[in-house]
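Here's the structure we're looking at; comments come further down.
Here the structure is a predicted model, which means the values were calculated and not measured.
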Amino acid sequence: MATVLDPAGAPAAEERRAARRGRSTAPGGRRRHVPPLLAVSPFYVLFAVFGTFPVLYSLYLSFQDWDGIGDMRFVGLKQYGWLLQDSVFWHSVLNTFEIWFLSTVPMLFLALVLAFLLHSQVRFTGALRVAYFIPNVTSMVAMTIVFGSVFAQAGLANSVLRAVGLDGVGWLSSEWGIKSSVAIMIIWRWVGYNALIFLAGLQAIPTEHFEAARVDGANSWQTLFRVVVPQLRPVILFAAVTSTINGLQIFTESQVLFQSTDVGTTGGPGQEGMTIVLYLWQKAFKEHQFGYGAAMGWFLFAIIAIFTIINWRLVSGSDRDDDRRSGIAGLLRRKGVRNGR
């Protein structure tokens, strides 16, 4: 079958090609992107060398048996199989989740309350913001040493408890004392940071919403949970995700707090302070099982990814439910107007 060509088609196509060539060589064409790309290229080079390559190499290393000096021996998925059968590893996973729950939930709640109070008419707001952020930039190693003396058997914490007529707590010797002491240090470090994140979200909420709640007779708690929280869902999602990532990578607190016992590799009495990252460090850098440590790191990555997806689905699901309810309510109102109700 013969093909009929449009006589005007060839010149039009040629004009389009010429126009594209003109745009690519014009001062405002593609070449204008070259200088900005060259300016930011050092970041991508450094990120590829010190970021992407170590991540990909750790994945390759997780399939190898290597002590860091000798030859590598490919073992496939055996490292992950050994991981699933390691009772100490699963004990560290349980410890990590318990410490994460004891620290993250109270921390986010306290951060939200502090942000709400800072957003109100409080004197010395600027000084309070600086004070809340100082723990986040303070050396955690130094502060863990300080907290170690506070939580000692004859330390400040037990002295305060005895002063009010209560018995002392084995903060560094009992199961829940160890977990609580680590959780308190995490709360102390991150509550101010998250309070400032929540405060930034609060300042984006129109003041008319607070005024309407006050006119309707809502008290501070009702305003917080019925006006502020629903509009802070994206900010709460960010804080929950970052807190989950930080909470599941606990290392410094447990390692330094119990450094007197085998250089902090055991996590305290009964290994109750042993976390996933502390166990990873012990296997990789104390026992030189780098392949096993890499497999542990990728297992931790999978846990963090799952928790991030869960947090994302919970918050986005709540938003969809609210949109669906508001849509149904609007539809019913429109029908009522049409029916003269």
Is the backbone of [Y] close enough, under 3.5 Å, to the side chain of [X] for a donor and an acceptor to pair up by distance?
X: D216; Y: A218; result: no
X: N311; Y: F307; result: yes
X: N158; Y: V169; result: yes
X: T242; Y: A239; result: yes
X: T144; Y: V256; result: no
X: Q222; Y: N219; result: yes
X: S243; Y: T104; result: no

Joint hydrophobic cluster, [X] plus [Y], side-chain heavy atoms closer than 4.5 Å:
X: M72; Y: V75; value: no
X: L278; Y: I245; value: yes
X: L102; Y: I184; value: no
X: W221; Y: V228; value: yes
X: L118; Y: F109; value: yes

Any heavy-atom pair between the side chains of [Y] and [X] that's under 4.5 Å?
X: W100; Y: E98; answer: no
X: L112; Y: L232; answer: yes
X: T308; Y: I304; answer: yes
X: R214; Y: T223; answer: no

How many angstroms lie between atom [atom1] of [X] and atom [atom2] of [Y], to the nearest 0.5 angstrom?
X: S181; Y: F258; atom1: OG; atom2: CZ; result: 5.0 Å
X: M274; Y: I178; atom1: CE; atom2: CD1; result: 11.5 Å
X: I276; Y: T96; atom1: CD1; atom2: OG1; result: 4.0 Å
X: L300; Y: L248; atom1: CG; atom2: CG; result: 6.5 Å
X: T244; Y: Q249; atom1: OG1; atom2: CD; result: 11.0 Å
X: L199; Y: R129; atom1: CG; atom2: CZ; result: 5.0 Å

Assess the pair F97 and W90: is the distance between their ring centroids shorter than 6.0 Å?
-> no

Please confirm whether W82 and Y292 have ring centers closer than 6.0 angstrom.
-> no

Test side-chain contact (heavy atoms from CB on, under 4.5 Å) applied to I306 and I310, I303, I309, the passing residue | I310

Assess whether atom [atom1] of [X] is packed by more than 12 heavy atoms of other residues, nucleotides or ligands within 6.0 Å.
X: R162; atom1: CZ; value: yes
X: D167; atom1: CG; value: no
X: F74; atom1: CZ; value: yes

Between [X] and [Y], what is the shortest heavy-atom contact and its length?
X: A284; Y: G293; value: CB-CA, 4.4 Å
X: G273; Y: S254; value: O-OG, 2.8 Å
X: A295; Y: Y80; value: O-CE2, 3.7 Å
X: L84; Y: F299; value: CD2-CE1, 4.2 Å
X: D67; Y: I69; value: OD1-N, 3.0 Å
X: F151; Y: L172; value: O-CG, 3.7 Å

Ignoring hydrogens and angles, state whether a donor on the side chain of H209 or Q231 is under 3.5 Å from an acceptor on the partner side chain.
-> yes

Will you find, in the side chains of W176 and S180, an N or O donor that is under 3.5 Å from an N or O acceptor?
-> no

Kindly indicate, with the supporting measurements, whether the criterion side-chain contact (heavy atoms from CB on, under 4.5 Å) is fulfilled by L83 and M296.
-> CA-CA 7 Å; L83 196 64; M296 206 178 303; 4.0 Å; yes

Would L59 and V55 satisfy side-chain contact (heavy atoms from CB on, under 4.5 Å), going step by step from the backbone distance to the final call?
-> CA-CA 6 Å; L59 179 61; V55 170; over 6 Å; no

Take Q64 and Q79 through the test side-chain contact (heavy atoms from CB on, under 4.5 Å) and record every step on the way to the result.
-> CA-CA 8 Å; Q64 309 289 330; Q79 304 270 27; 5.7 Å; no

Mind jotting down which residue pairs meet the side-chain hydrogen bond (donor to acceptor under 3.5 Å, both in side chains) criterion with at least one end in residues 40-61? Sequence neighbours excluded, please.
-> S58-W298

What donor-acceptor contacts under 3.5 angstrom involve side-chain atoms of residues 185-196, with partners at least two apart or in another chain?
from : atom 1 : to   : atom 2 : distance (Å)
N194 : ND2    : W190 : O      : 2.9

Walk me through it: do W312 and V241 pass the test side-chain contact (heavy atoms from CB on, under 4.5 Å)?
-> CA-CA 8 Å; W312 181 273; V241 170; 5.9 Å; no

Plane angle bin for H119 and F210 - parallel if under 30°, tilted between 30 and 60°, otherwise perpendicular = tilted

